[in-house]
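Just the heavy atoms: all of them, side chains too, but no hydrogens, waters or symmetry mates, feed the values below.
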Amino acid sequence: MVDNINNFCLILAGGKGRRLWPCSREDCPKQFLDFFSTGRTLLQQAYDRMCKFIPKDNIYVSTNQIYAGMVAEQLPELPRLNILSEPIFRNTAPSLAWATHRILHMNPDARVVVVPSDQAVFKEDEFMRNVLDGLDFAGGNDCMLTMGIRPTRPEPGYGYIQLGEKSDCCEGVYKVKSFTEKPDREFAKMFMDSGEFYWNTGLFIANVQYLRNTLKNIFPPVLRNLEEDEEKTFSVEAELAFVKENFPSYPNLSIEYGILEKNDNVYVMKCDFGWADLGMWHSIYESMSKGMGDNVVISSRVITEDSRNNIIKLPDDHLGIINGLDGYIVAEKGNVLLICKKEDSSALIRKYVNEVQVKYCLLYTSDAAD
């Protein structure tokens, strides 16, 4: 197919990956891991997926400066200037603001799709069709478009989008009535049963002019100073110098909270491309095919007996023998073995990471693993 030169992509790859601890560590978070032993890391898979229909020179990766070397190593074909290396950890809205500024100067007619690096897509042809339809919609409409997936379970770890009025200019697109981020399980079940709510995939699409105007309302001092600093003459070197000095001035806002929840002009496209968030142990378990006893064993040698509903990931040179467990995560990497209840594990893992650091002075990195 012919690439559309107006189509751009931003891959978000700056997270610390705490929810998949201990396999994901701060010095090498999940997006840089070949988690399922496929031969490609999650970041590489996201890039491979997007460059099938986005020009390679139009793909940008947002990350923190401590990970920029890993991005360059894993994506050697990506131009180095397309790695947006942030000097400090911030959330996704500042990442989008920087990318929007760069892309606007590359192509003022650009349409941008924002893609997390830690997702699974099982129907890639359908995914491509949905994203291209979304880019066309965003090209002709000043709005934010998010991609929604019908819930298959009451998952409290996801965000939910309530469908409002149907758009009359694009099939399967609806005005967003409300957003709810990570409800408790009871509300998640009510949302799923109602049929009005879709999962928020974290995939967002908009044209670059609309993004620029929206972001200027959210970050007025930083972006106004950047535009004034350029004095109508853009250069990447000047932009990089400005970002190095001023990026810490951005507040710590996500795209969901900073843009979508505060914007009346947001739409959702109903999609069915086989999606899973690979950021949590529980969601990985739910998205994968189950073996004997409904256990999920990821690239590990394991013998199970009287055990069910578990997710297990051990080092390649280890053998696990597991008896009598029901509904647990069993994960080991380097110097840490984690065994904890699978249900709603994200909050527990955050607690354990903090406790380990305080009680044993053990870094969240994998340095001590060797």
Counting C-beta onward and ignoring hydrogens, is there a side-chain heavy-atom pair between [X] and [Y] closer than 4.5 Å?
X	Y	result
Arg153	Ser283	yes
Asn265	Asn141	no
Thr180	Phe187	no
Leu33	Lys333	yes
Val131	Ile54	no
Phe137	Arg111	no
Leu43	Met70	no
Phe191	Pro183	yes

Side-chain atoms of residues 314-326: list all donor-acceptor pairs with protein atoms under 3.5 Å, sequence neighbours left out, distances to 0.1 Å.
| residue | atom | partner | partner atom | Å |
| --- | --- | --- | --- | --- |
| His318 | ND1 | Glu332 | OE1 | 3.3 |
| Asn323 | ND2 | Glu305 | OE1 | 3.0 |
| Asp326 | OD1 | Asn309 | ND2 | 2.9 |

Other residues, nucleotides and ligands only: do more than 12 of their heavy atoms fall within 6.0 Å of [atom1] on [X]?
X	atom1	answer
Phe179	CZ	yes
Lys244	NZ	no
Phe247	CZ	yes
Glu245	CD	no

Going from [atom1] on [X] to [atom2] on [Y], what distance comes out if it is rounded to the nearest 0.5 angstrom?
X	Y	atom1	atom2	result
Leu104	Phe8	CG	CZ	10.0 Å
Arg19	His282	CZ	NE2	13.0 Å
Tyr60	Leu78	OH	CG	9.5 Å
Leu12	Leu84	CG	CG	10.0 Å
Phe204	Met144	CZ	CE	6.5 Å
Asn207	Ile103	CG	CD1	12.0 Å

Ring centres under 6.0 angstrom apart (Trp199, Phe273):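 Trp199 vs Phe273: aromatic centres not under 6.0 Å.
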
Which heavy atom in [X] sits nearest to a heavy atom in [Y], and how many Å separate them?
X	Y	answer
Pro94	Pro251	CG-O, 3.4 Å
Gln31	Gly15	NE2-O, 3.0 Å
Ala97	Tyr250	CB-OH, 3.8 Å
Lys56	Cys51	CG-CB, 4.0 Å
Lys16	Pro29	O-CB, 3.4 Å
Val208	Pro108	CG1-O, 3.6 Å

Is there a chain of hydrophobic side chains (I, L, V, M, F, W, Y, each step under 4.5 Å between heavy atoms) that links [X] to [Y]?
X	Y	value
Ile339	Ile349	no
Val121	Tyr47	yes
Val112	Leu253	yes
Ile298	Leu337	no
Phe122	Met269	no

Pairs touching residues 72-90 that satisfy side chain to side chain donor-acceptor pair (under 3.5 Å), sequence neighbours left out: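 Non-adjacent pairs meeting side chain to side chain donor-acceptor pair (under 3.5 Å): Thr41-Gln74, Ser62-Glu86, Glu86-Ser95.
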
Derivation and outcome, side chain to side chain donor-acceptor pair (under 3.5 Å), residues Asn107 and Asn6: CA-CA 7 Å; Asn107 184 335; Asn6 291 335; 2.9 Å; yes

Could you go through the side-chain contact (heavy atoms from CB on, under 4.5 Å) check for Phe89 and Ile66 one step at a time? CA-CA 10 Å; Phe89 283 102; Ile66 65 175; 3.8 Å; yes

[X] side-chain N/O to [Y] backbone N/O, donor-acceptor pair under 3.5 Å:
X	Y	value
Asn295	Ser307	yes
Thr63	Ala13	yes
Ser194	Glu196	yes
Arg102	Leu81	yes
Asn252	Asn91	yes
Tyr160	Glu155	yes
His105	His101	yes
Asn246	Phe242	yes
Ser287	Ile284	yes
Glu124	Arg49	no

Before you tell me yes or no, could you show the steps for Leu203 and Asn130 under side-chain contact (heavy atoms from CB on, under 4.5 Å), namely the whole-Å CA-CA distance, both residues' side-chain angles and the distance that decides it to 0.1 Å? CA-CA 11 Å; Leu203 288 136; Asn130 285 151; over 6 Å; no

Starting from the C-alpha separation in whole Å, work towards a yes-or-no answer on side-chain contact (heavy atoms from CB on, under 4.5 Å) for Leu163 and Val268. CA-CA 7 Å; Leu163 275 58; Val268 58; 4.1 Å; yes

Working note: Tyr352 + Val336, criterion side-chain contact (heavy atoms from CB on, under 4.5 Å); need CA distance, chi angles, decisive distance, verdict. CA-CA 11 Å; Tyr352 297 148; Val336 177; over 6 Å; no

Could you go through residues 165-178 and list every donor-acceptor pair under 3.5 Å that involves a side-chain atom there, pairing it with any protein atom two or more places apart or in another chain?
| residue | atom | partner | partner atom | Å |
| --- | --- | --- | --- | --- |
| Ser167 | OG | Cys169 | N | 3.2 |
| Lys175 | NZ | Asp264 | O | 3.3 |
| Ser178 | OG | Gln162 | OE1 | 2.8 |

Do Thr146 and Asn200 have side-chain atoms, one donor and one acceptor, less than 3.5 Å apart?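 Looking only at side-chain atoms, Asn200 and Thr146 do form a donor-acceptor pair, the distance falling under 3.5 Å.
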
Flag the pair Asp306 and Arg308 as a salt bridge only when some basic side-chain nitrogen lies within less than 4.0 angstrom of an acidic carboxylate oxygen.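 A salt bridge links Asp306 with Arg308.
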
Cationic N near anionic O, under 4.0 Å, Asp133 to Arg129: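 Salt bridge flag = yes for Arg129 with Asp133.
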
Would Lys290 count as a cation-pi partner of Tyr285, with NZ or CZ less than 6.0 Å from the six-membered ring centre and within 45° of the ring normal?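 The answer is yes; both the distance and angle limits are met.
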
